Protein chains: 2
Amino acid sequence: MSENAREAILEAAKGAAQIHGYSGINFRTIADAVGIKNASIYYHFSSKADLGAAVARRYWEDTSSVLEAIRGANPEPISCLQVYPTIFRSSLEGGNRLCLSSFMAAEYQDLPEEVKREVLAFADINVAWLAKVLSDTGLAGVEVCERRARAIYTAVAGAQLIARTRVDIGLFDELVQSYREAGLIPT
Amino acid sequence: MSENAREAILEAAKGAAQIHGYSGINFRTIADAVGIKNASIYYHFSSKADLGAAVARRYWEDTSSVLEAIRGANPEPISCLQVYPTIFRSSLEGGNRLCLSSFMAAEYQDLPEEVKREVLAFADINVAWLAKVLSDTGLAGVEVCERRARAIYTAVAGAQLIARTRVDIGLFDELVQSYREAGLIPT
DNA sequence: ACCTGAACACCGTTCAAGT
DNA sequence: ACCTGAACACCGTTCAAGT
């Protein structure tokens, strides 16, 4: 149970954060789920900020791996753009969850500094990946790709947020499709 | 102070919600700002949910008025689309605030039912207005305008969220400009 | 009609104490 | 090394009591 407790705490905190955001991470609820007392969490994490930062860090690291895998499996950059929104889509599945870092972006002003850093890291790796993929299409220069990458990331994150309020994955798909039809996401 | 207290509570709650979201509405802090005790708020509002719903309702009502004014001042629908993002932009000004209902959308799952209703109403009046304006351009049919309206609203709301995390209004402007260049927002 | 103090359960955090 | 009970301040809410 030693290294397992830390792991179980992280998992429980991630689940709570995906549904309720950072402020929804409740030490007593997590302790119950793990089978320890809430004070025991402080043996593994020095504070709620520390736990929140660990959750967010692991989240963007996992996303980074997924992005690399997508690129490895899709030599065609256009195919990468086709697949990209599924990352946000899959967050919506299974309990209408929200992409962790997008969610925390809403609470941003109230987040501890160390959590903010990890949230920004998530956005950064997404934009960098998109810019690279766009650049590989050869459709535009690096400068333009950077700008477009930010626009795509922002629009898709917004789609996830809005679709969540309607509890409607179909709405997410429709919004992404509209982005494509409008020309925001190259096809 | 009778009717003024209710008004002062609403104003203070709106300010808190714009910065911290629904969960950031703190009865003791609001009471201090108004100059009463926190228990006194319950004389004017039956619960935090009631106060939150009143704040959100007034917010979308005000937005609805602004939208009507924009249409009244701009006979050209394209001009309306030019002005539209400034609603979200002005929320970012003065303390990096977030459009109230967009913000609450992030906390959506945890909101009381009566607050949820008002948050959805905000999105609805925005989409309806955009669909009407798009339809008036004569560029597409009603069906397509509905879809495009949802896409524009979602993308602009997302831009506000992301720009907020970077404390950078210039980023908001850049994102909106990218949407225009990509063809998402007609120009 | 409008406000208040005192009390409640809930939450992050600390700390001395247990094995 | 890992966990616990008890206590702290903070928050939404209630309620009997004040003017």
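Proteins come first, then strands; the chains are lettered A, B, ... in the order of their sequence lines, and each starts at number 1. Keep in mind that the numbers below use all heavy atoms, side chains included, and drop hydrogens, waters and symmetry copies. Note that the structure is predicted; figures quoted are calculated from it, not measured.
- For the pair A:K37 and B:S47, both in contact range of DNA chain D, the more 5′-proximal nearest nucleotide belongs to A:K37.
- In this structure, D:dC10 forms no base pair with any nucleotide, since neither Watson-Crick nor G-U wobble geometry is met with both distances under 3.5 Å.
- Salt bridge annotation for B:E93-B:R89: present, with a cationic side-chain nitrogen under 4.0 angstrom from a carboxylate oxygen.
- Note: NE2 (A:H44) to P (D:dA1) measures 12 Å, nearest angstrom.
- Each of B:Y42 and A:S40 has a nearest nucleotide on DNA chain D; the 5'-most of these lies closest to A:S40.
- Across the interface with DNA chain C, nearest-nucleotide mapping of A:N26 and A:A39 shows A:N26 to be the residue nearer the 5′ end.
- For the pair B:K48 NZ and D:dT14 P, the interatomic distance rounds to 14 Å; values are reported in whole Å.
- Between A:R164 and B:D110 there is no salt bridge, since no side-chain N of the basic residue sits under 4.0 Å from a carboxylate O of the acidic one.
- Atom P of nucleotide D:dA9 and atom CZ of B:R28 are separated by 13 Å, given to the nearest angstrom.
- A salt bridge between B:D124 and A:R166 is present, with a side-chain N of the basic residue lying under 4.0 Å from a carboxylate O of the acidic one.
- Contacts of B:F27 with the nucleic acid, taken as non-hydrogen atoms under 4.0 Å apart, involve only primed sugar atoms and P, OP1 or OP2.
- Taking atom CD1 of residue B:I41 and atom C1' of nucleotide C:dG5, one finds them 15 Å apart after rounding to whole Å.
- Electrostatic pairing of A:R57 and A:E114 does not count as a salt bridge here, judged by no charged N lying under 4.0 Å from a carboxylate O.
- Pair assignment for C:dG5: D:dC15, on the basis of Watson-Crick or G-U wobble contacts that are both within less than 3.5 Å.
- Taking atom CD1 on B:I30 and atom P on D:dC11, their separation rounds to 11 Å, with Å as the unit.
- Backbone-only contact: B:I25 has heavy atoms under 4.0 Å from sugar-phosphate atoms and none from a base.
- A salt bridge is defined here as a Lys NZ or Arg NE, NH1 or NH2 lying under 4.0 Å from an Asp or Glu carboxylate O, and B:K132 with B:D136 meets this definition.
- Look at CG on B:N38: it is 10 Å from P on C:dT4, rounded to the nearest Å.
- Rounded to whole angstrom, the span from the OH atom of B:Y43 across to the P atom of D:dT13 amounts to 19 Å.
- Regarding B:I36, its CD1 atom lies at a distance of 19 Å from the P atom of D:dT19, rounded to whole Å.
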